[in-house]
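Working notes, structure below.
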Number of protein chains: 2
Amino acid sequence: MRSPAELTEAFRAHGLKVTPQRQLLFRLMHGNECHPTAESLFQSASEQMPGISLRTVYQTLNDLASMGELRSLDLGTGAVRFDPNIDEHHHVVCDRCGDIRDVYVSGSDALSIQGLDGFAVSNTSILFNGLCPRCSAVSE
Amino acid sequence: MRSPAELTEAFRAHGLKVTPQRQLLFRLMHGNECHPTAESLFQSASEQMPGISLRTVYQTLNDLASMGELRSLDLGTGAVRFDPNIDEHHHVVCDRCGDIRDVYVSGSDALSIQGLDGFAVSNTSILFNGLCPRCSAVSE
DNA sequence: TGCGAATCTGCACTTCTTGAAGATTGGCAA
DNA sequence: TTGCCAATCTTCAAGAAGTGCAGATTCGCA
Ligand SMILES: [Mn+2]
Ligand SMILES: [Mn+2]
Ligand SMILES: [Zn+2]
Ligand SMILES: [Zn+2]
């Protein structure tokens, strides 16, 4: 995702308005590596801007996602996650604490795949589940 | 998933009752390659057994899943899918018609993965999205 | 055949997300 | 700088998927 300043430019260039709510979300998402949900962003946003609505958070995030500025991820954790990292990457979810981290996979062209015959695949996502270092230490 | 007859055995052996509702679901799921949702199974089940409740369908499928007889899959299609194929395999979803097919992947040990340090990974799932042969022909 | 635990049904309720409508406001034009 | 109006925001209702609960029913052993 581009910087708040660049997004401001881009929004205005496209005839979209730059509201305080949007700017706040630009800031909250920029460089955010937590893979937050709309709800958790709403919490953060509410601290700085009491009265902001959850609907606006959803709206803005979805808009950013459809502009390609961020990615919305369904990692099977209940709510959709928003990710400003739009590089090709995958994820690992800690099934105990819910922590999510980026995973970079290379060499997938060497995979032997059976069953995709005729399919025009537009996206491939790999999801790892398990216990994060902290949680696996605890459960020993 | 084992056959209806075998499941009947197994259920009784574990002190679980074998009801007509359960038997019907055993039959509907056995060898089912459609990756149905609870709702769609409820539709099918209702034809043969009017009055069966959606609650019972969910209950039975979840029970079978926790017994390891079938797998419940979140493929990002809204509702959970149930799969009697418990061999290690992955899936491809047609984003237009919703069709789901099995995908078998081998050679994944040759992948170069970065970001899993310290994680105790218990499951890896690969999801392909795209257009099935039929749908990609249509959209040409 | 009878009994009691297991199961089923019906329904309320939760969570996540979107639709709709009216109030508000950003940004350009004058 | 002011005013306008389309875009945006807030609020609230509602949809979709699933689960918890309670009372009615039934399987399966004695
Ligand atoms: Mn990420
Ligand atoms: Mn499958
Ligand atoms: Zn953890
Ligand atoms: Zn298709």
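The sequence lines fix the lettering, A, B, ..., with proteins before strands; numbering per chain opens at 1.
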For nucleotides 28-30 of chain D, tabulate all protein N/O to nucleotide N/O atom pairs closer than 3.5 Å, reporting atom names and distance.
{"residue": "D:dG28", "atom": "OP1", "partner": "B:Arg12", "partner atom": "NH1", "Å": "3.0"}
{"residue": "D:dG28", "atom": "OP1", "partner": "B:Val18", "partner atom": "N", "Å": "2.7"}
{"residue": "D:dG28", "atom": "OP2", "partner": "B:Arg12", "partner atom": "NH1", "Å": "2.9"}

Exercise. Considering heavy-atom distances to DNA chain C, does B:Phe11 or A:Gln59 have its closest nucleotide positioned more toward the 5' end?
Worked result: B:Phe11
For this session: Find the distance B:Leu41:CG to D:dG18:P and express it as a whole number of Å.
Result: 12 Å
Exercise. Taking everything shown except A:Gln43 itself, do over 12 heavy atoms lie less than 6.0 Å from its CD?
Worked result: yes
Exercise. With a non-hydrogen cut-off below 4.0 angstrom, is B:Asn62 in contact with a base, only sugar-phosphate, or nothing?
Worked result: sugar-phosphate
Exercise. Side-chain donor-acceptor pair under 3.5 Å between B:His35 and B:Asp102, yes or no?
Worked result: yes
Exercise. Does any donor atom in the side chain of A:His89 or A:Asp83 lie under 3.5 Å from an acceptor atom in the other side chain?
Worked result: yes
Exercise. What is the distance from CG of A:Leu54 to P of D:dC12, rounded to the nearest Å?
Worked result: 14 Å
Exercise. Does A:Arg81 reach the main-chain N or O of A:Leu73 with its side chain, forming a donor-acceptor pair under 3.5 Å?
Worked result: no
Problem set entry | Pairwise 5' ranking along DNA chain C for B:Ser53 and B:Gly15, keeping only the more 5' one | B:Gly15
Exercise. DNA chain D: B:Phe82 or B:Gln21, which has the more 5' nearest nucleotide?
Worked result: B:Phe82
For this session: Scan B:Thr56, B:Val80, B:Leu41 and name whichever one has a side chain to side chain contact (heavy atoms under 4.5 Å, CB included) with B:Leu61.
Result: B:Leu41
For this session: Starting at atom CZ of B:Arg81, determine the distance to atom C1' of D:dG18, rounded to an integer number of angstrom.
Result: 15 Å
Problem set entry | Worked check of ring-ring contact (aromatic ring centres under 6.0 Å, His included) between A:Phe26 and A:Phe11 | CA-CA 11 Å; A:Phe26 293 170; A:Phe11 266 60; 5.0 Å; yes
For this session: Provide, to the nearest angstrom, the distance between the CD atom belonging to B:Gln23 and the C1' atom belonging to C:dC8.
Result: 15 Å
Exercise. B:Tyr58 has an atom OH; how far is it from atom P of C:dC8, in whole Å?
Worked result: 16 Å
Seminar exercise, completed: A:Leu61 CG to C:dT18 C1', in whole Å, measures 14 Å
Problem set entry | Distance in angstrom units between A:His14 NE2 and C:dG26 C1', rounded | 18 Å
Seminar exercise, completed: Between CG of B:Leu24 and C1' of C:dT7 the distance, given in whole Å, is 15 Å
Exercise. Looking only at side-chain N and O atoms, does B:Arg55 come under 4.0 Å of OP1 or OP2 in D:dT19?
Worked result: no
Exercise. Are a donor atom and an acceptor atom from the side chains of B:Gln59 and B:Arg55 found within less than 3.5 Å of each other?
Worked result: yes
